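Here is the structure we will look at.
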Amino acid sequence: MARPQTDIEAGREQLIDLVIGLIEERGSTSLTVAELAARAQMSPANLYRYFDSKEALIDAVAERWFQPKVAIMEDVVASELPPRRKMYEFFARRFAQMKTEWEHDPVAFANYVELGKENFDLVRSYVDLGDHYLSVIIGEAMAEGHFSGLSIDEALSLINQMVNCYVNIGAMEQVMHRLTTDKLARIIDAVFDGLSAQDRGAKGLTGLRAA
């Protein structure tokens with residue numbers, strides 16, 4: 001007789017916990033099904049009752065890592081904050097959480113970066129979701145007169161480039177010790193105070209000028 005779904009879910013969560021522990025213990029994401037099954041004290045065939053493949057299990061680990069970041073985005077977007085503050089919180093809360101994780105265990109954080117690279121499709125879905133929520137905030141800001149002359153997609157692309165090191169975990173890892181929420185706040189203020197389609201002179205230069 002089939003196990004109740006709750007037992008399957010509990011087994012899945014235990015296996016995810018196990019993989020996270022191994023990643024943090026060994027400093028590596030190179031794990032075999034046989035090793036995982038042995039650590040879980042089950043046969044490889046039994047492990048497949050919970051996950052169809054090792055890749056599915058690793059995907060679940062990556063999804064576990066992203067879940068609290070998604071919750072932050074959803075909470076901020078649903079808030080009644082004004083657009084400027086909402087955009088700052090949208091980036092700052094996630095960054096603060098990731099910096100805490102990095103400070104707690106830089107090696108484990110680096111392993112999660114590698115895990116993200118190996119599971120790009122899952123990361124891509126997270127990026128797409130982040131772009132969707134950021135576009136909502138941009139739309140609210142445009143309704144108040146910000147980002148004149150730009151489309152939502154144009155503003156989205158520019159803003160993502162401006163805050164890249166606060167959301168791209170690969171880029172973030174390289175300069176984490178230099179990143180602060182105070183600096184992020186200044187970037188968001190610059191976005192709201194100056195980002196538009198207007199040419200203010202930078203494009204007007206026809207060549208490099210000597211210092």
Side-chain angles (χ1 to χ4, degrees), residues 62-117 119-120 122-203:
E63 187 174 1
R64 165 86 72 84
W65 193 84
F66 279 122
Q67 193 279 327
K69 285 79 173 175
V70 172
I72 287 171
M73 292 192 295
E74 292 175 344
D75 182 56
V76 171
V77 171
S79 73
E80 298 298 325
L81 293 169
R84 183 187 297 247
R85 182 69 188 187
K86 184 177 287 191
M87 187 176 293
Y88 168 73
E89 294 287 348
F90 181 77
F91 293 115
R93 291 189 193 179
R94 284 180 293 156
F95 164 69
Q97 184 179 82
M98 287 185 279
K99 187 166 187 178
T100 297
E101 293 172 356
W102 175 77
E103 289 172 340
H104 174 69
D105 193 337
V107 174
F109 189 90
N111 288 330
Y112 285 120
V113 171
E114 290 304 310
L115 192 61
K117 291 177 181 178
N119 292 265
F120 181 75
L122 184 62
V123 175
R124 179 76 256 174
S125 65
Y126 170 78
V127 172
D128 289 344
L129 183 61
D131 283 349
H132 166 71
Y133 285 135
L134 180 55
S135 294
V136 172
I137 299 173
I138 291 170
E140 293 174 2
M142 286 180 168
E144 293 188 359
H146 297 285
F147 315 141
S148 176
L150 295 173
S151 68
I152 289 180
D153 285 346
E154 288 170 331
L156 174 69
S157 178
L158 289 166
I159 293 167
N160 275 334
Q161 290 180 53
M162 296 170 76
V163 301
N164 179 63
C165 60
Y166 284 91
V167 291
N168 181 328
I169 63 172
M172 181 189 301
E173 181 192 17
Q174 302 303 313
V175 293
M176 185 72 86
H177 61 289
R178 299 181 181 178
L179 302 178
T180 69
T181 52
D182 285 343
K183 289 180 179 179
L184 176 60
R186 293 184 183 127
I187 292 170
I188 297 304
D189 277 337
V191 166
F192 273 79
D193 292 340
L195 187 59
S196 73
Q198 182 180 352
D199 177 7
R200 295 186 175 90
K203 285 171 52 180

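The residues of the chain are indexed from 1 along the displayed sequence. Please read all numbers here as calculations on a predicted model, not as lab measurements.
No side-chain heavy atom of V167 sits under 4.5 Å from any side-chain heavy atom of M172. A 4.5 Å side-chain heavy-atom check between F147 and I159 finds at least one atom pair inside the cut-off. Considering only heavy atoms from C-beta on, S151 comes within 4.5 Å of E154 through its side chain. Taking the side chain as every heavy atom from C-beta outward, M87 and I138 approach each other to under 4.5 Å. Looking at R85 and F192, their side chains never come closer than 4.5 Å, going by heavy atoms from C-beta outward. The shortest side-chain heavy-atom distance between D131 and L156 falls under the 4.5 Å cut-off.
Atom CD1 of I169 sits about 8.0 Å away from atom CD of E173, to the nearest 0.5 Å. In this structure, CG in L129 is found 11.0 Å from CG in L134, a value given to the nearest 0.5 Å. With rounding to the nearest 0.5 angstrom, the CD1 atom of I187 is 10.5 Å from the CG atom of N164. Between the CZ atom in F95 and the CE atom in M176 there is a gap of 6.0 Å [rounded to 0.5 Å]. In this structure, the separation between OG on S148 and CG on L195 is 10.0 Å, given to the nearest 0.5 Å. Distance check: I188 CD1 to D193 CG gives 11.0 Å after rounding to the nearest 0.5 Å.
Ionic pairing of R84 and E140 is not present here: no N-O contact between side-chain nitrogen and carboxylate oxygen is shorter than 4.0 angstrom. In summary, R124 and D128 engage in a salt bridge, as defined by a charged side-chain N under 4.0 Å from a carboxylate O.
The only member of K86, M142, E89 that meets side chain to side chain contact (heavy atoms under 4.5 Å, CB included) when paired with I137 is K86. Of the candidates H104, M98, E103, M98 is the only one forming a side chain to side chain contact (heavy atoms under 4.5 Å, CB included) with E101.
Taking each heavy atom of G130 and M73 in turn, the nearest pair found is CA-SD, 3.6 Å. When all heavy atoms of G170 and V113 are compared, the closest pair comes out as CA-CG1, 4.0 Å.
Side-chain rings of Y166 and F91 stay apart, their centers remaining 6.0 Å or farther from each other.
Counting heavy-atom neighbours within 6.0 Å of R64 CZ, excluding the residue itself, gives a total above 12. Surrounding CD of E63 are at most 12 heavy atoms belonging to other residues, nucleotides or ligands under 6.0 Å away. Under a cut-off of 6.0 angstrom, the local environment of CZ in R178 is sparse, with at most 12 non-hydrogen atoms contributed by other residues, nucleotides or ligands.
When atom types are taken as modelled, the side chain of K99 and the backbone of L179 share a donor-acceptor pair closer than 3.5 angstrom. Checked by atom type and distance alone, the side chain of E74 never pairs as donor or acceptor with a backbone atom of A71 at under 3.5 Å.
Cation-pi geometry between R94 and F90 is satisfied (NZ or CZ under 6.0 Å from the ring centre, within 45° of the ring normal).
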